[in-house]
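In what follows, a single structure is set out as structure tokens and then discussed.
We name chains A, B, ... by the order of the sequence lines, and we start the count at 1 in each one. Since the structure is predicted, the reported quantities are computational estimates derived from the model, not experimental observations.
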Number of protein chains: 2
Amino acid sequence: MSQQRQGSTPATTGAVPAFPDLPEATIARLPEYLRALHNLAETGSETVSSEGLAAAAGVNSAKLRKDLSHLGSYGTRGVGYDVALLIDQIEYILGLDQRRAVALVGVGNLGHALAGYDGFASRGFRIVALFDADAEQVGKPLNGLTVRHIDELGQAVVEEGITIGVIATPAGAAQAVADDLVAAGVTSILNFAPCVLSVPAGVDVRKVDLAIELQILSFHEHRKASLTAIPGGRSPEAGNQEAVGS
Amino acid sequence: MSQQRQGSTPATTGAVPAFPDLPEATIARLPEYLRALHNLAETGSETVSSEGLAAAAGVNSAKLRKDLSHLGSYGTRGVGYDVALLIDQIEYILGLDQRRAVALVGVGNLGHALAGYDGFASRGFRIVALFDADAEQVGKPLNGLTVRHIDELGQAVVEEGITIGVIATPAGAAQAVADDLVAAGVTSILNFAPCVLSVPAGVDVRKVDLAIELQILSFHEHRKASLTAIPGGRSPEAGNQEAVGS
DNA sequence: AGGCGCTTGTGAAGGCGTGCACAAATCGCG
DNA sequence: CGCGATTTGTGCACGCCTTCACAAGCGCCT
Ligand SMILES: NC(=O)c1ccc[n+]([C@@H]2O[C@H](COP(=O)([O-])OP(=O)(O)OC[C@H]3O[C@@H](n4cnc5c(N)ncnc54)[C@H](O)[C@@H]3O)[C@@H](O)[C@H]2O)c1
Ligand SMILES: NC(=O)c1ccc[n+]([C@@H]2O[C@H](COP(=O)([O-])OP(=O)(O)OC[C@H]3O[C@@H](n4cnc5c(N)ncnc54)[C@H](O)[C@@H]3O)[C@@H](O)[C@H]2O)c1
């Protein structure tokens, strides 16, 4: 019922580690560095110091240096990092030089926005197929693609070489869609539905839940308010305002 | 019948610490617990064990117990947790009993989807105002609200009691919008634009970058592929290219 | 050629988070 | 009323991550 998180992969062969196993925290920051580097490249910068790049990415410079050191030594002491080289390096590590094919399932409110988003194409991805279960949607053109029925998923995954699936269906359908994606051969899923997905080992799932983000912000608002306000905090039992329901 | 006092919180003022300072990691999981609890409540469950709730939320049960223990002791040994009580408790901690007012800036592709999303309303938030800089958009009705010009932001924040702002504008405009939001009195920002925002201390920013999520998945795809493939990894300097699918 | 200033790469320390394992507490039942 | 089954709450150890601080390396200037 769990997902992701393989145990430590012990060295199998004594082969050269062509693929350094980076810390998860580092991996999560590489895309941010990459975006900052692309911005720098556009402004004509040839090199950048760890301090400069760290500022552009919003992180500590020591952290950035340690992150990059995991990829190898691509900086020059006294000078900094070669912007173009570092871009290639990070894009290679992230596997972006392959322009991965992505399938989007659920062409509703959110799905439409995602399908029309050009920020994916510019950052290494191609949405190559759209799916929905609603007969009303199937067949409609959308941003150069035609919405297909979910039954064609398996076929499309093979034909288009899809490795990543995006779920933008209601929560109730998300697990079924995930099962379909896995069955079709997809091994990475980005889930926008507010629910926990169960997938086999070897399949990676990342979840984006906007309501959770807002709730975290709400907590900090609450905390900030309780500090500036009168110290007497109240107890939650008193049900004056109705609670949220769903 | 209410106290969330920590057993050992010495060395403070005599004031009661109505607000336990939870670990960030715990805070980030509370919304997930809350969602799982609402699901359980709908199925009629009165109580739930840490094991059961942990499974529903997709976490380790020990972790869940430790998280909840930070809120106080709201479980009963040998029985489990009272679902309704725990919901109230978490909603109180997260400050959701106030149904926070949210402003959405940028009514474009993504903004339309967000404005029409009912998942916010059902989880403690009210989008009370929509803003855009485009004269074309201003004045248009959208999901019961009228799009207003960004200049009216300051006024609306006061009138509507807005504490959270959502930025759904292009990256180039995001910093300016953030400045406007802060100037208007907003102290929490959810940013969808792919850029780093600079805000004064005391203002919280959370960022959602979908391309980053995909890139992290891409990394794992790349890693998985490099394991199953021929061990001889290549160096990225060689500017070759390989495409998936065809 | 040599020195100087700048920047990287990293050892070490500390903090945070996780998960195990178990004592304490509670309920149900005979 | 006591006992066993069950489940919480938590002490503890371990590993990951962050941050500091600095030696090593590089280029430039004199
Ligand atoms: N709209 C937003 O801004 C937003 C924000 C955050 C999260 N979400 C989440 O994203 C998901 C989609 O939201 P939405 O507003 O687009 O909903 P929606 O109802 O507008 O769209 C859902 C789409 O999924 C399709 N669908 C349903 N079952 C399917 C199945 N089994 N296979 C394929 N397609 C199926 C429907 O036909 C519909 O077109 C929801 O889980 C929602 O909670 C949406
Ligand atoms: N569309 C998506 O699915 C998607 C996904 C991920 C991230 N994003 C990001 O979200 C942001 C919005 O994306 P989009 O596709 O909706 O873009 P969009 O161009 O469709 O919409 C942007 C809107 O912002 C408005 N705007 C511009 N400058 C403004 C300002 N100074 N003040 C107020 N409003 C202003 C524009 O008038 C427009 O209506 C972008 O940063 C994009 O990278 C979008």
Check: Asp204(B)/Ser188(B) side-chain N/O donor and acceptor closer than 3.5 Å: no

Report all interatomic pairs (protein N or O, nucleotide N or O of nucleotides 27-30 of chain D) with separations under 3.5 Å.
none

Side-chain donor or acceptor of Glu51(A) paired with backbone N/O of Ser61(A) under 3.5 Å: no

Distance-only polar pair, side chains of His38(B) and Arg35(B), donor-acceptor under 3.5 Å: no

Closest non-hydrogen atom pair between Gln215(A) and Pro31(B), with its separation: OE1-CB, 2.8 Å

Under-3.5 Å N/O pairs linking protein and nucleotides 13-15 of chain C:
none

Distance test, side-chain N/O of Tyr81(A) to OP1/OP2 of dG9(C), below 4.0 Å: yes

Flag side-chain contact, heavy atom, 4.5 Å: Lys207(B) against Glu32(A): yes

Check: Thr169(B) side chain, Gly106(B) main-chain N or O, donor-acceptor pair, under 3.5 Å: no

Set out, line by line, the N/O atom pairs under 3.5 Å between protein and nucleotides 19-21 of chain C.
residue, atom, partner, partner atom, Å
dG19(C), OP2, Lys63(B), NZ, 3.3
dG19(C), O6, Lys66(B), NZ, 2.4
dA21(C), N6, Arg65(B), NH2, 3.3

Thr187(B) side chain to Glu221(A) side chain, donor-acceptor N/O pair below 3.5 angstrom: yes

Check: Arg99(B) side chain, Arg126(B) main-chain N or O, donor-acceptor pair, under 3.5 Å: no

Out of dG9(C), dT8(C), dG17(C), whichever nucleotide has its closest atom nearest the side chain of Ser50(A): dT8(C)

Sugar-phosphate only, base, or nothing, as touched by Ser73(A) at under 4.0 Å among non-hydrogen atoms: sugar-phosphate

5' precedence on DNA chain D between Ser49(B) and Ala25(A) (nearest-nucleotide basis): Ser49(B)

